Number of protein chains: 2
Amino acid sequence: MSTRLPPLTALRAFDAAARHMSFARAAEELNVTPAALSFQIKSLEEHLGAPLFRRLNRAVELTESGRTLAPGAADAFQSLSTAWNAAKRLQNNTNLTVTAGPGLTAKWLAPRLYEFARAHPEIDLRFSATLRMLDFVRDEVDVAIRFGQGTDEGYWSQPIRREWVTPVMTPELAETYTTPESLLQAPLIFDESINFLKPPCDWPVWFRTQGIDYTPTHGAHFSQADHAIDAALSGAGVALGRRGMVNTDLHAGRLVAPFKTAVEVPASFRFVCAQGTENRPQIKAFREWFFAEIEKTAYISDQFTVIPIEDIPPL
Amino acid sequence: MSTRLPPLTALRAFDAAARHMSFARAAEELNVTPAALSFQIKSLEEHLGAPLFRRLNRAVELTESGRTLAPGAADAFQSLSTAWNAAKRLQNNTNLTVTAGPGLTAKWLAPRLYEFARAHPEIDLRFSATLRMLDFVRDEVDVAIRFGQGTDEGYWSQPIRREWVTPVMTPELAETYTTPESLLQAPLIFDESINFLKPPCDWPVWFRTQGIDYTPTHGAHFSQADHAIDAALSGAGVALGRRGMVNTDLHAGRLVAPFKTAVEVPASFRFVCAQGTENRPQIKAFREWFFAEIEKTAYISDQFTVIPIEDIPPL
DNA sequence: CATATCAGTTAAATACAGCTTAACTGTCGC
DNA sequence: GCGACAGTTAAGCTGTATTTAACTGATATG
């Protein structure tokens, strides 16, 4: 049990030697002479009471003891290294790495990147577009914009206003499809990126708000929200657009939402960062800019009657 | 990235301080004076460029940097410690820890413990009865006797002869239930510990080998094999006994298996240890004793017609 | 077959990290 | 106000870790 640990530098030397399977290369990695490394390994072997390496002609190989120790040692130094880097990163107030889903990154963050850079030239902003749930330390990320029904326990989290979906299309298409009923003839575009929601939030649900019982079967399906919006932008059809994904295009007039009923999505975006980091200069700057930027297109939401999904009558 | 790590002793001091939330207790743990610990922390903070602890009146608390570093450091030293202990354990040739399921431990290993101890007085044998799949390093175990359909890739593994099941009961009950058909009236005992097998290996399957279509619904159910055998031993009914669990009692005559048909179980016991440890003195001694002991009751298997489960005709 | 080279070891000298003792600061509880 | 407590600081010592330089023994090369 409480067998005290051997000298840590010796363990680090062993780790390097085991990873490289060469004392010479290990010595190089640690910026010491091969002699020093040889001593370290020898000292460790004395502490253990058994050899860790079998010295062969021009190579070394691990003994059973070495093979037992090596993986744990590698893990340990890996873990120390990431943790230390993460702590170092906190010292840096000019870098900021933000992760968000591919859709939001493409449709909301990327188009505004230039504007943020102009407002905060001292901050080097980076994006990491992934859906993977994240570990701020391991993934070297400072801020996450997450969408879903999850909770953010253990993190600092600020909800962004509620999401809704409503049909969107190019202004040209809007001249043809002027009533909800006319959409029954329209080419519909499906965004599967929010299929995981319960209750679902799809075309049949929106049609129900119009008193229409219709489950469309044909149309283009996209696994990512931004691709669905891009298809709508190209005039390919009518998409059920999520607020966060389409407000930029609605604001610019590239898309229109002719029907003034929207379905509230039973999930929301949250601005998430590690507890206690919310006031680091670059995170605070980004957070304030981010929420101010959202407010700029808030007026769009006011144009809609947003119906909570549970208030929609089944047909 | 390649930010070199700070002095490792300082990191260890930080780990201890963060775990205890007290420099004094950390110093005690590391067998150094509080002054030394204070210097270590200070040195680490200089390397980092930021404080790790906030010094309060009579306590310390972690800063954000400290909170970022602490979990990784704790993991790292934990990992080092287990790996080191595992390597140390390899030096010890007098201890042997064996893990097996509760059933085998109770019905096979425990009754033979005394015999092994007499044959190998120099070896201190310990049992760890658990079903959990194991990590030899983390769980401080040398040998595992595992039952199942799994593979043992990455380990040294030796299969034990095939398992089968056949009805067993006390000699007294055997006077009443002399034919397979008579079992339809017998109180049956169910061992649910092998319910996970596919295809299943239960009463209906054994009855099919006798041309009987019978799915019993009543009877005592046990989640562990040894409890089912204990029930049979007490005369409470007829159990479907697994070879490994009942051969000791059959050999001793405490149980009898009047019907000479057994169903081969589609899974087997394996003797498993870490690669390269199979010839450590105590493991080799145990292994040889173990397989020799099994051979002693091998004659029992010869008394049965063992039918592979896939050869049993469906009814 | 001699020779250069490569990987690791050993010896002796040295530098410095890390430790200790001892005295000090500030706070809390009595 | 006093003593106890938690952590800090200063000065000096100890021993670990490192370097230089020479050595071993195996392998490749001309």
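From a predicted model like this one, the values you see are computed outputs, not experimental measurements. So that the names make sense, note that chain A is the first sequence line, chain B the second, and so on, each numbered from 1.
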Original post:
What pair of heavy atoms forms the shortest contact from A:P111 to A:T105, and how long is it?
Top reply: CD-O, 4.1 Å
Original post:
Nearest heavy-atom pair of B:E64 and A:Q275: which atoms, and what distance?
Top reply: OE1-O, 2.8 Å
Original post:
With ring centroids as reference points, do A:W84 and B:F14 lie under 6.0 angstrom apart?
Top reply: no
Subject >> Pair A:F136 and A:W156, ring centroids less than 6.0 Å apart >> reply: no
Original post:
Can you check the A:E28 CD to C:dC6 P distance for me, whole Å?
Top reply: 13 Å
Subject >> Ring-face cation of A:R287 near A:W289 (centre distance under 6.0 Å, axis angle within 45°) >> reply: no
Check nucleotides 7-10 of chain D for protein N or O atoms closer than 3.5 Å to its own N or O atoms and list the pairs.
from, atom 1, to, atom 2, distance (Å)
D:dG7, OP1, B:F23, N, 3.4
D:dG7, OP2, B:F23, N, 3.3
D:dG7, OP2, B:A24, N, 3.0
D:dT8, OP1, B:R55, NE, 2.5
D:dT8, OP1, B:R55, NH2, 3.2
D:dT8, OP2, B:S38, OG, 2.7
D:dT9, OP2, B:K42, NZ, 3.4

Original post:
So what is the end-to-end bend of the helix from C:dC1-D:dG30 to C:dC30-D:dG1, with 5 pairs used at each end and the value given to 10 degrees?
Top reply: 30°
Original post:
In whole angstroms, how far is the C1' atom of D:dT16 from the CZ atom of A:R12?
Top reply: 14 Å
Produce the list of close N/O pairs, under 3.5 Å, pairing protein atoms with atoms of nucleotides 14-18 of chain C; give distances to one decimal.
from, atom 1, to, atom 2, distance (Å)
C:dG18, OP1, B:T9, OG1, 2.5

Original post:
Ring centres of B:F23 and B:F53 under 6.0 Å apart?
Top reply: yes
Original post:
Is any side-chain nitrogen or oxygen of A:T33 closer than 4.0 Å to OP1 or OP2 of D:dT19?
Top reply: yes
**OP:** Could you tell me whether A:R19 and A:E29 make a salt bridge, using a distance below 4.0 angstrom between a side-chain N and a carboxylate O?
**Re:** yes
Original post:
Do B:E293 and B:K296 sit within salt-bridge range, that is, some charged N less than 4.0 Å from a carboxylate O?
Top reply: yes
Original post:
Does B:H20 use its side chain to pair, donor to acceptor, with the backbone of B:A16 at less than 3.5 Å?
Top reply: yes
Original post:
Looking just at side-chain N and O atoms, do B:T99 and B:R146 make a donor-acceptor pair shorter than 3.5 Å?
Top reply: yes
